[in-house]
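FYI, the numbering just counts along the sequence from 1.
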Amino acid sequence: LLEAMRGTNILIVLDGFDHLVEAGSPALRHFLDAAPEAQFLVTSRERLRLSEEATFELAPMSLPSAGAGLSGSDAASLFLARVEENTGRAAKAADAEQLASLLRELEGIPLAIELAAARMEVLGVQGLLDRLPARLQLLSRGARGKPSRHATMRAAIAWSWDLLSADERQALTAAAIFQGGFTLDAAERVLDTEPAAQRIELVEALRDKSLLFVRSDPDEGPPRFALFETVREFAMEKLLEGPRAAVMRARHDSHYLETGTAWARRIEESGDVHATALLAREVDNLLEVHRRALASEPLSKGDAARAAVALLAIEPVLSLRAPSSERVQLWNDTLSAVETLVLPDVLRRVLAGRGRALLAAGDLDGAQVDLERAIALARATHE
């Protein structure tokens, strides 16, 4: 092969190179040195990290924008084409916004779109949406005759999982604990691989293997990394199979309660715009701390206190993410736990928070009751 390449401007295509990266990259390095006129087009889920490598990353398919229907969306075109192929009838979107919502949930991943389309005739769009919380089970009926790693989403992810080192697997399962993405600072604090200095390298390795993606523009602040939801569900299953889940939850709670509370204090004291931006990006992680705390069985005083601290931390930015009715419900759930478990030191702050939420929702009478109770408790404790 090398002799045939020498002195020519041949183009060689190496497709599906991911499982050969370790052994194949040195061979490719040798080919590049011995036949500099030759060019190579390599497809892989992992970067080769060769000096001459120019990487062209395939982004997810374009998704429908909220309120814009399905026009201009490659994801919608693929979905409708596959439904038509599967049923033999022209596909119609009875509710374009509902289908657009489904496609956004599928995150523009072509295999996920094709697998969802295969179940469209039986489940319909609403049935698919209803079953998305268990998306690995839903996206499990591929066409016959395809390579096994393309038959289901679980098989596609397992293919990449099998190529990871033990440390990379540990880092990926730890990353599943995050909601809405995470920064490198959070990875250093929450991931449990040792030594700690290796954690950034592992994030970079998972990014190179296409198991993490960069969620935001670095110009808007520290880069944020995230997992596609199907990858996150797979990694969470692996985490729950072992003994580390409780440890990872505790590390996640500790980091976000500490940093969220510090940012909220800066906002309260000085209206810090930078702290507001940082806090707004971590609402999902703090809401996960809140949800997980209230879901504990049996619910302890520590659980109720964590839920309250998480909600109080994101109060300055919560109005940007949730309508007033949802905000009031979050405070209702938290107040119920705090009152039931008799946490007077937290009760005043939660009452004041719910009072402000009721005021924003237009319930002036309810707001007055809560705020007066909060004032009375503050006077009783001289705060």
What pairs with His30 under ring pair (Phe, Tyr, Trp, His ring centres under 6.0 Å), at least two apart in sequence or on another chain? none
Contacts of type ring pair (Phe, Tyr, Trp, His ring centres under 6.0 Å), residue Tyr256, not counting sequence neighbours: His252
May I ask you to check whether over 12 heavy atoms, not counting those of [X], lie within 6.0 Å of atom [atom1]?
X: Glu241; atom1: CD; result: yes
X: Asn9; atom1: CG; result: no
X: Gln39; atom1: CD; result: no
X: Leu58; atom1: CG; result: no
X: Glu85; atom1: CD; result: yes

Spatial distance of atom [atom1] ([X]) from atom [atom2] ([Y]) [nearest 0.5 Å]:
X: Leu330; Y: Leu294; atom1: CG; atom2: CG; value: 9.0 Å
X: Leu136; Y: Ile157; atom1: CG; atom2: CD1; value: 5.0 Å
X: Leu286; Y: Leu279; atom1: CG; atom2: CG; value: 6.5 Å
X: Gln329; Y: Arg354; atom1: CD; atom2: CZ; value: 10.0 Å
X: Arg154; Y: Leu139; atom1: CZ; atom2: CG; value: 10.5 Å
X: Thr173; Y: Lys238; atom1: OG1; atom2: NZ; value: 10.0 Å

Looking only at side-chain N and O atoms, does [Y] offer a donor or acceptor that is under 3.5 Å from a partner on [X]?
X: Gln368; Y: Glu372; result: yes
X: Thr43; Y: Asp15; result: yes
X: Arg224; Y: Thr183; result: no

Mark yes or no for whether [X], through its side chain, and [Y], through its backbone, hold a donor-acceptor pair below 3.5 Å.
X: Glu288; Y: Asp284; value: no
X: Asn285; Y: Gln179; value: yes
X: Glu268; Y: Arg265; value: no

Under 6.0 Å between ring centres: does that hold for His274 and Trp263? no
When you look at Leu163 and His19, which way does the side chain to side chain contact (heavy atoms under 4.5 Å, CB included) test go after all the steps? CA-CA 7 Å; Leu163 298 175; His19 64 299; 4.1 Å; yes
Going through the distances and angles, do Ile113 and Arg82 end up as a side chain to side chain contact (heavy atoms under 4.5 Å, CB included)? CA-CA 9 Å; Ile113 293 167; Arg82 291 295 182 264; 6.0 Å; no
Hey, mind stepping through Ser336 and Asp333 against side chain to side chain donor-acceptor pair (under 3.5 Å) and telling me if it holds? CA-CA 5 Å; Ser336 176; Asp333 295 341; over 6 Å; no
Side chain to side chain donor-acceptor pair (under 3.5 Å), that's the test. Do Asp167 and Gln198 meet it? Break it down for me. CA-CA 9 Å; Asp167 284 342; Gln198 186 184 18; 3.2 Å; yes
Between Glu233 and Pro133, is any pair of side-chain heavy atoms under 4.5 Å apart? no
Could you check whether Asp253 pairs with Arg249 (Lys NZ or Arg NE/NH1/NH2 to Asp/Glu carboxylate O, under 4.0 Å)? no
Sorted by chain and residue number, the side chain to side chain contact (heavy atoms under 4.5 Å, CB included) partners of Glu229 (sequence neighbours excluded) come out as Glu107, Arg135, Arg232
Heavy-atom closest pair (Arg207 atom, Phe213 atom, distance to 0.1 Å) is CD-CA, 4.1 Å
Taking all heavy atoms of Trp331 and all of Val350, pick out the closest pair and write down the distance. CE3-O, 3.8 Å
Does the plane of the ring in Phe225 sit parallel, tilted or perpendicular to the ring in Phe182? Use 30° and 60° as the thresholds. tilted
Using the salt bridge (Lys or Arg N to Asp or Glu O under 4.0 Å) definition, which of the options Glu204, Glu168, Glu188, Glu194 pairs with Arg199? Glu194
